[in-house]
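So the structure is just underneath, and the comments pick up after that.
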4 protein chains.
Amino acid sequence: MKKNKPKYKQIIEAAVEVIAENGYHASQVSKIAKKAGVADGTIYLYFANKEDILVSLFEEKMGQFIEKITNSINQKQSVSEKLLTLIEMHFRQLAENHHLAIVTQIELRQSNKDLRLKINKVLKPYLATIDLIINEGVEEKIFRNDLNLPLVRQMIFGTLDEIVTNWVMKEQKYDLVKQAPGVHALIINGLSVK
Amino acid sequence: MKKNKPKYKQIIEAAVEVIAENGYHASQVSKIAKKAGVADGTIYLYFANKEDILVSLFEEKMGQFIEKITNSINQKQSVSEKLLTLIEMHFRQLAENHHLAIVTQIELRQSNKDLRLKINKVLKPYLATIDLIINEGVEEKIFRNDLNLPLVRQMIFGTLDEIVTNWVMKEQKYDLVKQAPGVHALIINGLSVK
Amino acid sequence: MKKNKPKYKQIIEAAVEVIAENGYHASQVSKIAKKAGVADGTIYLYFANKEDILVSLFEEKMGQFIEKITNSINQKQSVSEKLLTLIEMHFRQLAENHHLAIVTQIELRQSNKDLRLKINKVLKPYLATIDLIINEGVEEKIFRNDLNLPLVRQMIFGTLDEIVTNWVMKEQKYDLVKQAPGVHALIINGLSVK
Amino acid sequence: MKKNKPKYKQIIEAAVEVIAENGYHASQVSKIAKKAGVADGTIYLYFANKEDILVSLFEEKMGQFIEKITNSINQKQSVSEKLLTLIEMHFRQLAENHHLAIVTQIELRQSNKDLRLKINKVLKPYLATIDLIINEGVEEKIFRNDLNLPLVRQMIFGTLDEIVTNWVMKEQKYDLVKQAPGVHALIINGLSVK
DNA sequence: AATGAATGAGGTTTCATTCAT
DNA sequence: CATGAATGAAACCTCATTCAT
């Protein structure tokens, strides 16, 4: 399995750094190879082409991202706590890895439509996790039962994504994780039974 | 003033069409020139460079976009109606111009960070309009007075933006404007005093 | 018409020289451009791609080659004179242009099958000219009437081609045109009624 | 002696198949190694480099080719029969091995000048055999005594080569061996005393 | 003797921009 | 004002060959 070989991971890490530092368009394969400490050609033993590095990077990092969030949520009892945990973990993981934040919020969006569709696929489990929380809230009669699920999901994801992007664009000058309770309150308010 | 000359507008319109039809990366200056019915070199009599076409396009279209929304809002009395109008107009204008929707939601985001910063500048008056509504709601004690303004603004804009992007990605198969009341309810709920 | 513009011809001439001097595989587009005194990109205003330079080169040169032979033949009365003229002109034209001889006999054959098929198409009028002479000889009862036309054509072309290739491979150290009468005698003998 | 080891022959056979099936330029060393059932590196225990595979292939196959022709000729008495046998055997051996025919007539000619010179060396014994027959014919006063030996040799080889190449290019749709008597008649006629 | 992972040089083509007309 | 022919920099990927195991 190529994904477990050390060079696979080396190249992914190098790609995150190079893209964060140079921007998407100035991130030549040769630059990534140099940072990873391998020959240019070696890249192509592990990845089909340049786009495949980016998709794999996103799969790898997003996989961990989602796994950590899911694990944390599973330790919480109430729907409200679960949502707070999701928001906190979403913010915390990107706050802890500035390079990754730049890559996911800014640089990877400069890719073409095909790559974007692949990225959307990777995001599906995360969106499903959001759906689970919403549905649980509805079942427990904490949230209103007239909620339009896709709409609520898009609101939650859109809000988190916009907040992180703003934070990155403002060069990460403030504490992103501290925003979590405020965002949590807004969302809980929006969804709750009066 | 160059902006009022017919060729300026011709080129902008051609750019919207070409980018919507071919995608950002396949939209060469020569293609835009051809669609606009001018020579390649003529483009550079009206725009400093390719990026300037895109920024101008966004300024021009976003200017109209914001103006229409502001005009409509000014005819409304209540904060709730103003917010609903903003949401409806945001959705309606993009729903009525599929090409523009594709360009703003998908293609223009493939640009580099510099262009993105310029685009953000153009968006400022729109975000200010959102702020005005929020503040009005707080002053009228319809909205809670502990709201974090930037956070709420990012929630509103992020939600609208994500919903439109989803609609474009799903090839605009459903009625976007019909989503407005549901979104309005969610937001009003989230911001209201209990 | 691009084919009549001076740069078109410049590039063709440069390609012949560069390929003859460096060999097919060492003839980069940039080398041809430099020799032609144009920018690399200019090549692509006149030719679709590198292969197109080669096909055009062959069409251009072979067109002239065949035209000169046809013109010369038309001034001759007897079949025997026509055949001698064809052989002499075939040899003379390549003998007078060593670069072209190297390119057609050696370098252009290193191309892939697709290019070879295109080259074969260009050769068709020449082979048709050979056929005409053979048929005339048969009609005038100078040649036997049991001749297998394709076979005879292949014998004549194969013989001339092999002789020229040998001359090129031996670095053109002897007088190719002087071989013409001997070759002519062999062929006439082979085809004549006893 | 490496040439007698089984892997040497395996690799040669694999090369013929791979080149015939994929064409010269798509025949990577790794593909040949895979078809031969050995590791890439193993190739270099038996051959100095890629070109050496091709030269060795040609030597091996041409050696057998010439040996069979020589053996068959030696069983014939008359010059005319010997020539007919040479033509028939030349055609038959390639007709019986389509892969080899493709490789020798088409694919191997896409190689560079150096390889072509080496291939010419391998052909020398065959050309010498042709010379022998011609000289015998002259001595027996069946052929004219004013023949230019190299010219006649080039005529015979060029004719046979062109006929086989045409047959391969036309995808071997007709019976090549049936062409032999016609070709034989043409050549005998061309060389005979009147 | 055999393996196969790793190497790294090298070239075609695109396209934003210029400037002589 | 307008044209459009010409420019030339820049990068992804392949594949013959090596060498540690």
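Quick note on labels: first sequence line is chain A, next is B, and so on, each numbered from 1.
- K5(A) forms no cation-pi arrangement with F47(A), by the criterion of a distance under 6.0 Å to the ring centre and an angle within 45° of the ring axis.
- Here the P atom of nucleotide dC15(E) and the CD1 atom of I32(B) are 12 Å apart, to the nearest Å.
- Q105(A) CD to L100(A) CG: the interatomic distance, rounded to the nearest 0.5 Å, is 9.0 Å.
- Taking CG of L108(B) as the reference point, atom CG of L54(B) lies at 5.5 Å (rounded to 0.5 Å).
- Protein atom CG of D52(C) is 14 Å distant from nucleotide atom P of dT12(E), rounded to whole Å.
- Atom NZ in K34(B) sits about 14 Å away from atom P in dT3(F), given to the nearest Å.
- Taking atom OH on Y46(A) and atom P on dA5(E), their separation rounds to 8 Å, with Å as the unit.
- Heavy-atom minimum distance, H99(C) versus E21(C): CE1-OE2, 3.7 Å.
- Between the CD atom of Q10(D) and the C1' atom of dA2(E) there is a distance of 13 Å, given to the nearest Å.
- For the pair K31(D) NZ and dA16(F) P, the interatomic distance rounds to 10 Å; values are reported in whole Å.
- Taking atom OH on Y44(A) and atom P on dA9(E), their separation rounds to 16 Å, with Å as the unit.
- Considering only side-chain atoms of K50(D), the nucleotide from dA16(F), dT12(E), dA16(E) that sits closest is dA16(F).
- Residues Q28(D) and H25(A) both approach DNA chain F. Their nearest nucleotides, taken by heavy-atom distance, put H25(A) toward the 5′ side.
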Under-3.5 Å N/O pairs linking protein and nucleotides 7-9 of chain F:
residue : atom : partner : partner atom : Å
dT7(F)  : OP2  : A39(C)  : N            : 3.0
dT7(F)  : OP2  : T42(C)  : OG1          : 2.2
dG8(F)  : N7   : G41(C)  : N            : 3.1

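- Summary of the strand contacts: E51(B) and V29(C) both lie near DNA chain E, and taking for each the nucleotide with the nearest heavy atom, the more 5' one is attributed to V29(C).
- With rounding to whole Å, I11(D) atom CD1 is found 12 Å from dA1(E) atom C1'.
- Checked by atom type and distance alone, the side chain of K31(D) pairs as donor or acceptor with a backbone atom of A26(D) at under 3.5 Å.
- Side-chain contact between F58(C) and L123(C): present, with at least one pair of heavy atoms (C-beta onward) separated by less than 4.5 Å.
- Between I119(A) atom CD1 and M62(A) atom CE the span is 9.0 Å, to the nearest 0.5 Å.
- We find the NZ-CD distance between K35(A) and Q10(A) to be 13.0 Å, quoted to the nearest 0.5 Å.
- Using a 4.0 Å cut-off between a side-chain N of Lys or Arg and a carboxylate O of Asp or Glu, E59(C) and K118(C) do not qualify as a salt bridge.
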- Pair assignment for DNA chain E - dot-bracket with | for other-strand partners, Watson-Crick or G-U under 3.5 Å: .||||||||||||||||||||
